[in-house]
Amino acid sequence: MPDMRELYQEIILDHNKAPRNYRKPDDANREAEGYNPLCGDHYTVFARVDSNQQITDIGFEGVGCAISKAAASMMTSMVKGKSVEEAERCFENYRQMITGGKDYDRDALGKLMVFSEVCNYPTRIKCAILCWHTLHAALNNLQEPVTTE
Amino acid sequence: MITSAPDKIAPNLNDFDVMRVRQDFAILNTLVRGKPLVYLDNAATTQKPHQVLCAINQFYGCCNSNIHRGVHFLSEKATEQYEESRAQVKRFLNAASTTEIIFVRGATEGINLVAASYGRTFLKEGDEIIVSAMEHHANIVPWQILCQQTGAVLKVIPMDDNGDIVMEEYAQLLSERTRIVSVVHVSNVLGTLNPVKRIVQMAHDAGAVTLVDAAQSIMHMNVDVQDIGCDFLVFSGHKLFGPTGIGVLYGRESLLEMMPPYQSGGDMIKSVTFEKTIYNDLPYKFEAGTPNIGSTIGLGAAIAYVQSVNLDKAQPHEDALMAYATQRLEEIPGLKIVGTAKEKAGVISFVLDFAHPHDIGTIMDSEGIAIRTGHHCAQPTMQRFGIPATARASFAFYNTLEEVDVLVRGLEKVREVFA
């Protein structure tokens, strides 16, 4: 049995308590809504993407469990200042990691490796990936709200 | 030498003995995540005693056959057992006749049957259907679809901040336009025990037909359809210590007679030609196709089991569980119980101000404690209380006060992690 403390590591608890980039940037030009109907997690992700396809600012708002909130907070810290393409690559690595895949770039994920334990909790995978799907939708200007169902 | 002291060694059959009852449920003695299982998710589904498992096994092992058609020995046996289950349900609900007992997949299918068959036949534009604000989606969506199909209008009885139906508002909603009143007996989120007898009486005074969703109440109390006076009542077998995939629709015979079949095919007919089909009599008119015979027999065994345990005798124990759990939970700083109705049964929903329900659920699971978290298929109830989700502990007669203590210790663990 995986240890529950491995799931709720200090860094996750810290980002849950004091989420970074928890705001709507004034000049945001991308926005998408994500919803997990099963547990009620509900977030909006905002981003400012410049003409060079760089994410110059990013933020999020909403409600949800510790895993979903910490994932959103750490995601925004990770992709801020990166290009859209880099962010999408990061999403793919992250998705591989939390769904138990083997073929992903650990170094590129850096601190996000703290979520690697999530793959042992199948019911929590959706919590950890909701914000990333929402970011993907925002970056691609998808109009429909994202749901994990 | 043989000595006997029956008064001292024989169990007192007049008392409810939770430890004896627990012996019938092997799963309650298993380990989960290396910890003894504490099963507090009974509102989702109850565990099954070995008497039910044996009955299902015995049917498939010794009597398996189709019913109502074969002339051979096994078919006769299977038909006999299937119809005996119907007779048991009839006695259990105190229905007037076995023709009023329709086997369906569960409470959900029972409500859908009434909405589709009665509703589409007898409702028209401008008619009104009343439900309460605390309904499960299964007692909302079928009526919404019926409204779309017929032009009828769905009305909702509000509830107060405790989770009690506001009866004055209900009285205001009733009118000559009211055609159906469909309410839950016990709320699966709030635990509220609704005054269904009074609700039904008021609906009948207004000329409406009534449906009671007994999915949650059936495991906690004796449900008597003639005493309640309702026209329809539904429940699911798996919430009565029986198997999944089987449930019951009780319907007043005079109404069932007027209603067209819900599904059609084999078994629900008397004769078929390409020109004309004559439908079968009740209850078979509503049981098209080969039914879930094994689970129906399992349900019969579950009812026999519940009657042997005796819900009246288990009542003081269940009341003690609810009272003790409520008291212990209220002592936890930062915990708020959602649903504080005057009368409750079996269910305690709560939120913590330092942890989200989903995180509570995961940490409880790591302690071997099974609770439900989320919106419990009652999103309007969540909206009414302005919360996205709750954690829910729900009890059956086999739970113990010690398990309540484990629940409370689990919540202390949540505090250690999050506070």
Side-chain angles (χ1 to χ4, degrees), chain A residues 1-19 22 33-44 60-73 98 114-131 134 145 147-149, chain B residues 30-37 41 44 137 141 189 334 338 349-392 409-419:
Chain A
M1 159 63 196
D3 183 357
M4 183 259 306
R5 285 276 180 186
E6 294 289 314
L7 179 66
Y8 293 107
Q9 293 189 36
E10 275 311 317
I11 185 167
I12 290 182
L13 295 173
D14 174 54
H15 276 262
N16 173 51
K17 243 182 202 167
Y22 193 76
E33 199 183 331
Y35 182 47
N36 180 350
L38 194 69
C39 54
D41 295 346
H42 197 173
Y43 294 100
T44 307
F60 78 104
E61 287 176 346
V63 288
C65 65
I67 302 295
S68 66
K69 187 169 275 182
S73 172
I98 66 164
V114 73
F115 289 100
S116 61
E117 185 66 17
V118 173
C119 67
N120 290 321
Y121 295 83
T123 58
R124 307 306 300 273
I125 290 171
K126 286 173 182 173
C127 310
I129 207 162
L130 174 64
C131 59
T134 312
T147 99
T148 51
E149 291 304 296
Chain B
T30 54
L31 298 181
V32 163
R33 316 273 188 215
K35 309 267 173 69
L37 169 66
D41 195 17
H137 295 162
V141 185
V189 180
V338 180
S349 264
F350 58 92
V351 289
L352 295 176
D353 63 9
F354 51 86
H356 188 278
H358 216 167
D359 298 313
I360 300 172
T362 294
I363 291 174
M364 297 307 238
D365 176 55
S366 73
E367 297 295 309
I369 306 163
I371 59 166
R372 172 89 185 262
T373 63
H375 55 59
H376 316 293
C377 298
Q379 288 179 4
T381 304
M382 298 291 110
Q383 288 150 16
R384 167 64 180 77
F385 286 93
I387 45 180
T390 73
R392 178 187 73 185
R409 281 203 297 276
L411 290 171
E412 287 307 324
K413 198 118 191 174
V414 178
R415 177 187 303 285
E416 280 169 34
V417 173
F418 283 97

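Every heavy atom of this structure was used, including side-chain atoms; hydrogens, water molecules and symmetry mates were not. So that the names make sense, note that chain A is the first sequence line, chain B the second, and so on, each numbered from 1. The model shown is predicted, which means the values in this text are computed figures rather than measured ones.
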**Student:** What part of B/Phe418 is in contact with chain A, defined as an atom under 4.5 angstrom from a non-hydrogen atom: side chain, backbone, both or neither?
**Tutor:** both
**Student:** Please state whether the side chain, the backbone, both or neither of A/Lys69 comes within less than 4.5 Å of a heavy atom of chain B.
**Tutor:**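 A/Lys69 has no heavy atom closer than 4.5 Å to chain B.
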**Student:** Testing the basics here: between B/Val189 and B/Ala378, what is the closest heavy-atom pair and its distance to 0.1 Å?
**Tutor:** CG2-CB, 3.6 Å
**Student:** So what's closer than 4.5 Å to chain B heavy atoms on A/Ile67: side chain, backbone, both or neither?
**Tutor:**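 Both parts, heavy atoms under 4.5 Å.
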**Student:** List the steps, then state whether salt bridge (charged side-chain N to carboxylate O under 4.0 Å, His left out) holds for B/Glu412 with B/Arg409.
**Tutor:** CA-CA 5 Å; B/Glu412 287 307 324; B/Arg409 281 203 297 276; over 6 Å; no
**Student:** Return the set of residues passing side chain to side chain donor-acceptor pair (under 3.5 Å) with B/His358 (not counting sequence neighbours), or none when no residue passes.
**Tutor:** none
**Student:** Applying salt bridge (Lys or Arg N to Asp or Glu O under 4.0 Å) as the test, list every pair that has at least one member in residues 368-385 of chain B; sequence neighbours left out.
**Tutor:**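 Pairs touching residues 368-385 of chain B that pass the test: B/Asp161-B/Arg384.
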